[in-house]
Protein chains: 2
Amino acid sequence: MSENLAPDSSLQQQMETFEETCRTADLKLTHQRLEIYRELARATDHPSAETLHTRLQKSLPTLSLDTVYRTLATFEQHHLVKKVQTVDSQAHFEAQMSQHHHVICDSCKEIMDFHWNSFDSTPLPEDLRQWGAIRNKNVTIHGTCRKCQDVKAGKKPA
Amino acid sequence: MSENLAPDSSLQQQMETFEETCRTADLKLTHQRLEIYRELARATDHPSAETLHTRLQKSLPTLSLDTVYRTLATFEQHHLVKKVQTVDSQAHFEAQMSQHHHVICDSCKEIMDFHWNSFDSTPLPEDLRQWGAIRNKNVTIHGTCRKCQDVKAGKKPA
DNA sequence: TTCTCGGTAAGAATTATTCTTATTTGCATA
DNA sequence: TATGCAAATAAGAATAATTCTTACCGAGAA
Ligand SMILES: [Mn+2]
Ligand SMILES: [Mn+2]
Ligand SMILES: [Zn+2]
Ligand SMILES: [Zn+2]
């Protein structure tokens, strides 16, 4: 029930930054935008538009799925959220904009964040320098998470 | 016209491996499967199903798009091709199964391969070890390729 | 050559996302 | 606080990407 939530301490701060960015960009601070952003910022599981929409039913019962899509697209243009690269048919989103990487469980599809500073500061291979202007480099790891391994092995969850 | 082609030397070998895998897996060697695989193996640009279908019109005028999708899915199950992780709505595919990484131009969407052996042999950060069983780790780089930089700068192509 | 079953093509169906339009709302201003 | 208006929203239609259904076909075994 309290899964997939980021520590609350920074959320307040993040909401303020969000509101500031909206004001600067002349984006109206609607109830929908605030709640969509808050819900995504709270999540640690990189939800799809549909998942977000479902989670928001409680607080915004009349919210349309289209608004979720449209709002996320707007946020993306303003670098407030990112689309996560996956092999899924549904797009996944995150509000976590600072440098990090992803581990994906191919079994349950869960996407988790992790940090890797030594990688971040490693220079790229020579032959890439001439490719063009590089904006960022990220690692994606695929495998089977502990939970799914245990299920497959017939173990009960702790 | 001769763009996006892999060096031909290994293609012959790759086709033989493909045929062998099909036989072992009890997959019938149909004309469609051979041509779809060959076309993908020849490509270096990670085409979508639709792009592949278009390219195959010449050699297989009656080939349906559905067959391309279905065949690629079958190949994927047998580890003959991979879906490439992108942020695109269309899925992209490749027949290049050996370890490599991707640079993506956010402007023209071109996906290029590159190799990075020193990365490949670098151990993962400690805290990931307990996550589960890791199958592979890959780097994705985003930026703007030289071509697109030049276009933006108003330069003529060489 | 015949048989059989997996594979294919065509079109219908589904799923994910975006567009159109009428209505509402944030917010600047009086 | 009331008014005006552009921007944002909801609802449903439309589109795009992918998959399903079904009748026919052809690869490979016998
Ligand atoms: Mn993330
Ligand atoms: Mn590749
Ligand atoms: Zn899992
Ligand atoms: Zn480019």
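Fair warning: this is a prediction, and the values are worked out from it, not measured in the lab. Note on naming: letters A, B, ... go to the chains in the order of the sequence lines (proteins, then strands), and numbering restarts at 1 for each one.
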Requested in this report: Indicate whether OP1 or OP2 belonging to dA9(C) is found under 4.0 Å from a side-chain N or O atom of T67(B).
Outcome: yes
Review item, nucleotides 18-21 of chain C N/O atoms under 3.5 Å of protein N/O:
from: dC19(C); atom 1: N4; to: D66(A); atom 2: OD1; distance (Å): 2.4
from: dC19(C); atom 1: N4; to: D66(A); atom 2: OD2; distance (Å): 3.2

Report summary line: Given the options T74(B), T71(B), V81(B), I36(B) meets side chain to side chain contact (heavy atoms under 4.5 Å, CB included) only with T71(B)
Report task. Flag the pair Q96(A) / D113(A) as yes when at least one side-chain heavy-atom distance between them is below 4.5 Å, and no otherwise. Result -> yes
**Report entry** Spacing of D88(B) atom CG relative to dA17(D) atom P, expressed in whole Å
**Finding:** 9 Å
**Report entry** Footprint string (nucleotides 24-30 of chain D, 5' to 3'): B base within contact, S backbone only, - free, heavy atoms under 4.0 Å
**Finding:** --BBS--
Report task. State, with a plain yes or no, whether a side-chain heavy atom of R33(B) is found less than 4.5 Å away from one of K28(B). Result -> yes
Query raised in the report: Would you say the side-chain atoms of H115(A) and D120(A) include a donor-acceptor pair closer than 3.5 Å?
Result: no
Requested in this report: For the residue pair F119(B) and T122(A), establish whether any side-chain heavy-atom pair is separated by less than 4.5 Å.
Outcome: no
Report summary line: Against the side chain of S89(B), the closest entry in dT9(D), dA9(C), dA17(D) is dA17(D)
Report task. Indicate, with a heavy-atom threshold strictly under 4.0 Å, whether A91(B) touches base, sugar-phosphate, or nothing. Result -> sugar-phosphate
Requested in this report: With the side chain counted from C-beta on, respond yes when P47(A) and R55(A) share a heavy-atom pair under 4.5 Å apart, and no when they do not.
Outcome: yes
Report task. Take the protein atom CG of L60(A) and the nucleotide atom C1' of dT24(C), then report the distance between them rounded to whole Å. Result -> 15 Å
Requested in this report: Quickly work out the E35(A) CD to dA10(D) P distance and round it to whole Å.
Outcome: 13 Å
Report task. Would you please confirm or rule out a distance under 4.0 Å between OP1 or OP2 of dA9(C) and any side-chain N or O of Q32(B)? Result -> yes
Report summary line: From the candidates dT9(D), dT8(C), dA16(C), the one with an atom nearest any side-chain atom of Q90(A) is dA16(C)
Query raised in the report: So what does T62(B) hit on the nucleic acid, given a heavy-atom distance under 4.0 Å: a base, only sugar-phosphate, or nothing?
Result: sugar-phosphate
**Report entry** Partner of K83(B) under side chain to side chain contact (heavy atoms under 4.5 Å, CB included), chosen from H46(B), E76(B), E94(B)
**Finding:** E76(B)
Report summary line: Separation of dA11(D) atom P from L63(A) atom CG, nearest Å, is 10 Å
Query raised in the report: Between R135(A) and D106(B), does at least one N-O distance fall below 4.0 Å, as a salt bridge requires?
Result: yes
Query - Nucleotide dT15(D), atom C1' - distance to CD of E50(B) in whole Å - result: 13 Å
**Report entry** Nearest-Å distance for atom pair CG/P, residues L34(A) and dT25(C)
**Finding:** 15 Å
**Report entry** Separation of dA10(D) P from R33(A) CZ (nearest whole Å)
**Finding:** 11 Å
Query raised in the report: Mind checking whether T67(A) and L60(A) have side chains closer than 4.5 Å, heavy atoms only?
Result: no
Query raised in the report: Once you round it to whole Å, what is the distance between C1' of dG26(C) and CZ of R23(A)?
Result: 13 Å
